[in-house]
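See below for the structure under consideration.
Note that ligands are numbered from 1 as they come in the structure, with each ligand's atoms numbered from 1 the same way.
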Amino acid sequence: MKTDSPPGAAAVSRTLRGLGVSPGIAIGPAHIVESGAVRVPEYALQADQIDAEVERFADACGKARRQIRKLKTKALVLPESASEEIGILMDAHLAMLTNSRLTRGVERRIREEAVNAEAAVQAEIAVIAETFAAMGDAYLAARVDDVREVGRRVIRALMRHEYQAFALLPPGTVILAEELTPADTALIDPRHVAGFATVLGGAEGHTAIMARSLGVPAVLGVAGLLTGVRHGTQVVVDGVNGRVVIDPTPEELAEYARRRTERQKEREKLKTLKRLPAVTRDATSVVLQANLELPRDLDNALDSGAQGVGLLRTEFMFMNRDDLPDEDEQYGLLRAIVEGMGGRPVTARTFDVGGEKLAGWMTGRYTEPANPALGLRAIRLGLREPKLLETQLAAMLRAGAHGPLRILLPMICSVAEVQTVREMIANVARRLRRRGVPIADPLPPVGVMVEVPGAALSADALSYAADFFAIGTNDLTQYTLAIDRGDEQVASLYDPLHPAVLRLIQFTVEAALRARIPVSVCGEIAGDPRHTALLLGLGIRELSMAPLAIPMVKRRIRAMDLMEATRRARVIMDQSDSGRIAALLDDFNATA
Ligand code: PEP
Ligand code: MG
C-alpha cells in the first residue's frame, strides 16, 4: 500500500520521487542528519566588535530565511494538504526570523552582554522555549520544537558549516538529510553508508558527482523526505529511477533486493573488460581516464583500468577544515596520486574553490555572493589570492618530478588569464630551482578547462595559449543555458544535448584539432555511455569520467563503429531541437 502516512501512524510504505543522481539500490535503516548537532562557541566581544557581530547575526537570519523559502517552494509539489501544512510551518519559522522576539532578544544580548551571536541565539532560544513550555498552553508547548529548530538553523548559518561524523554510522546505513554539501559528501564512507537521499540538490551539482564517484546510490531533490520518518526506519534508495521508499512492504523489499543483486552481478561482469582496450569496431583507440574527487578514488581508478587521471579536483584539499593546506601537504597528496598512477598521466586542476564548493577559510574573508556560480571562484580566486595559487602550483611542480603531471586551469575566460598563470608558474619554478628543490623537467603542460561559453567561443585564441583543452560540460551547460546545475527546481531544464551546448563543444574540438592540441571531455556526459557515440562522432578521442563509469563506456566503444557514429553526429548537428537529438542518439545506440 502506498500512502502519505501521518507521523506516528502505523508503518505503511510510502514512495517519494526525486532525481536519481547515482545509480544503484540501497536498502537499510535511516540515519536522519540533524540540522542542529553543533557545538556552539562562546566568547566575549570587544566594544568595537559589537556592530559587526549584530550585522553577522542579521546576515545569518537572511541566509536562514532564504533556506526556509526554498524548502517552502519545494513542498509545493507535495499533495495539497501536506504542502499547506509545511507552508504554514515554514511561514511561522520565517516570522520568527523577521523582527521577532527572537531577533530582538539576540540583538539585545549581543549589545548588552557583549557575547558572540551563536551564544546569544542559544541563550535566547532557551529562554523562549522555557517561557512557552511554562505557559501551560498546548499550542505554545508544541511550538517549542519549532523555536529550537529555528535557533539551530541560525546557529548553523552563523557557523556556516558543520563537519558530519558519518564514519561512526553502522554499516548499511541510509542517510536522509535536508541537504548534503559536497564537503559533507566527502566524509561518506561507502563501507558504512549504503546510500543517501536529500530534499535539496540537483543532478549535476558536486554532491551528485561525489556520490557517483563513491558508487553510493543517491536520490536528491526529494520533496517531503523528512516528514514522518524516524531514525532506524527501513528505507530504500533507488538511484536508478529516482525513488525513495520509506517503510517498504515485504514484497517491495524482496523486489529491490533482487534488483540490487542483479546490479552487483552486472558490475562483476563489467570487470572482465578491465584489461581490454577501448577501441571501436573499426579500430580507433579512445583514451579513457578517471576523474578523481578524493585520493581514495585512486583504487577505483586503477581497478577500472583508467589510462590516467583526466581531472583531479583538488578542492578536496580545502574541504572540512578552517585552515589552508601548505605547500608540503599539497605536495604530499599530489605525489601520492602521481606515484599511485604508476607512470600514467595525472591532470591536476588548480583549486576550483568558491561557488558551491565553499571552503571554511573563506568564511568572513569574502562576503557571500548573490550568484556564487558567477562569482569569485576557481582561477578568479587564484588570481585574486596569488599566494594561494602559487603555493598550489609549487606543490604541482614538485609532484611532477615523480611522474607525468599536467596542470589544468578551471573557469578560464580569457587568454590573459592563461598567460598570467604561465608567468606565475615560471616564477615559482625559478624560486624552487634556486632552492635546489627537484621539480618537473620540462615544466608540465598547462591546459584550459573550456567550461564557460566565452571560452568555447574564443577556443581559437585559447588553443594557442594552452597545451591542451578539457571540456567541462557540467559548467558549460549551466552557463550556456543559464540553469543552476545544483538546483533541483530547474533540473528538468538542464540539458547537455541542447544544440547550443553541442555547437560549443564542436567549436572547441575543431579549434583544438586545428591547433593540434589534445582535447578531452571531463564533464559528466563523458561517463554516460548514452553520449559516447556523439562525443566520438564530434572528434573527441579522450574521455575522463568517474572511475566506476569506465567499464560501461568501454563496452559502448567496443560495440561501436566510429564511421557510423561520425555520420550520425553530422545529422545530429543539423538539428535544432534537443528532443529530436536525444531520439536520434537513442536510436543510434539501440542499433549500432
Ligand atoms: C565541468 O564543469 O564539467 C567540470 C568537469 O568541472 P566541475 O564539475 O568540477 O565544475
Ligand atoms: Mg566546472
Side-chain angles (χ1 to χ4, degrees), residues 21-22 181-183 185-186 201-214 220 288-294 297 308-319 347-359 371-382 406-413 417 447-456 459 468-487 491 494-498 501-502 504-505 508-509 519-528 531 535 540 542-547 549 553:
V21 301
S22 178
T181 63
T185 317
E204 304 305 331
H206 286 90
T207 298
I209 291 176
M210 194 81 83
R212 287 194 279 276
S213 181
L214 289 171
L220 306 188
L288 299 184
Q289 298 189 318
N291 291 354
L292 301 193
E293 308 301 307
L294 300 168
D297 295 336
V309 174
L311 171 62
L312 170 64
R313 289 183 168 101
T314 57
E315 293 81 81
F316 73 87
M317 298 176 176
F318 298 80
M319 281 175 183
T347 311
R349 184 173 72 181
T350 60
F351 54 81
D352 186 357
V353 175
E356 61 167 339
K357 294 177 281 191
L358 266 186
N371 294 308
L374 306 181
L376 195 60
R377 63 174 277 203
I379 203 66
R380 300 164 186 186
L381 182 63
R406 308 194 299 174
I407 297 177
L408 178 58
L409 310 177
M411 292 282 294
I412 287 291
C413 284
E417 288 167 336
V448 160
M449 286 284 294
V450 179
E451 51 183 347
V452 174
F468 64 97
F469 280 163
I471 306 179
T473 47
N474 306 335
D475 277 317
L476 192 59
T477 306
Q478 155 165 277
Y479 295 126
T480 304
L481 305 180
I483 305 292
D484 184 339
R485 58 193 269 193
D487 184 348
Y494 183 94
D495 183 10
L497 291 181
H498 189 290
V501 179
L502 297 183
L504 290 173
I505 296 175
T508 307
V509 173
V519 55
S520 66
V521 172
C522 60
E524 290 301 286
I525 63 170
D528 184 347
H531 297 112
L535 295 176
I540 293 285
E542 275 180 44
L543 297 166
S544 190
M545 64 200 79
V553 171

message: Test salt bridge (charged side-chain N to carboxylate O under 4.0 Å, His left out) on R313 and D297; report intermediate values, then the result.
response: CA-CA 11 Å; R313 289 183 168 101; D297 295 336; over 6 Å; no
message: Q478 vs D484, test: side-chain contact (heavy atoms from CB on, under 4.5 Å). Steps then yes/no.
response: CA-CA 6 Å; Q478 155 165 277; D484 184 339; 3.8 Å; yes
query: Would Y479 and L374 count as a side-chain contact (heavy atoms from CB on, under 4.5 Å) if you check the C-alpha gap in whole Å, the side-chain angles of each, and the deciding distance to 0.1 Å?
result: CA-CA 9 Å; Y479 295 126; L374 306 181; 3.7 Å; yes
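Under the 4.5 Å side-chain criterion, counting only non-hydrogen atoms from C-beta, L381 is in contact with F351.
Within the listing of ligand 1, atoms 1 (C), 2 (O), 3 (O), 10 (O) sit less than 4.0 angstrom from a heavy atom of D475. For ligand 1, the atoms lying closer than 4.0 Å to a non-hydrogen atom of L311 are 5 (C). Taking every heavy atom of C522 and a limit of under 4.0 angstrom, the matching atoms of ligand 1 come to 5 (C). Residue I209 has at least one heavy-atom neighbour below 4.0 Å for each of these atoms of ligand 1: 8 (O). Under a 4.0 Å criterion applied to the non-hydrogen atoms of H206, ligand 1 contributes the atoms 7 (P), 8 (O), 9 (O), 10 (O).
In this structure R406 satisfies the salt bridge (charged side-chain N to carboxylate O under 4.0 Å, His left out) test with no other residue, sequence neighbours excluded. Residues meeting the salt bridge (charged side-chain N to carboxylate O under 4.0 Å, His left out) test with E451, sequence neighbours left out: none.
Within D475, the N, O or S atom at minimum distance from the Mg ion (ligand 2) carries the name OD2. Considering just the N/O/S atoms of E451, the one nearest the Mg ion (ligand 2) carries the name OE1.
No part of L476 comes within 4.0 Å of ligand 1, judged by heavy-atom distances. Neither the backbone nor the side chain of M545 comes within contact range of ligand 1; no heavy atom lies under 4.0 Å.
In this structure, R349 pairs ionically with E315, as a charged nitrogen and a carboxylate oxygen lie closer than 4.0 Å.
Below 3.5 Å of separation, one finds no N or O of E315 facing any N or O of ligand 1.
Of all the listed residues (R313, M449, E524, R485), R485 holds the heavy atom that lies closest to atom 10 (O) of ligand 1.
For the residue pair A456 and T508, the shortest heavy atom distance occurs at CB-OG1, 3.6 Å.
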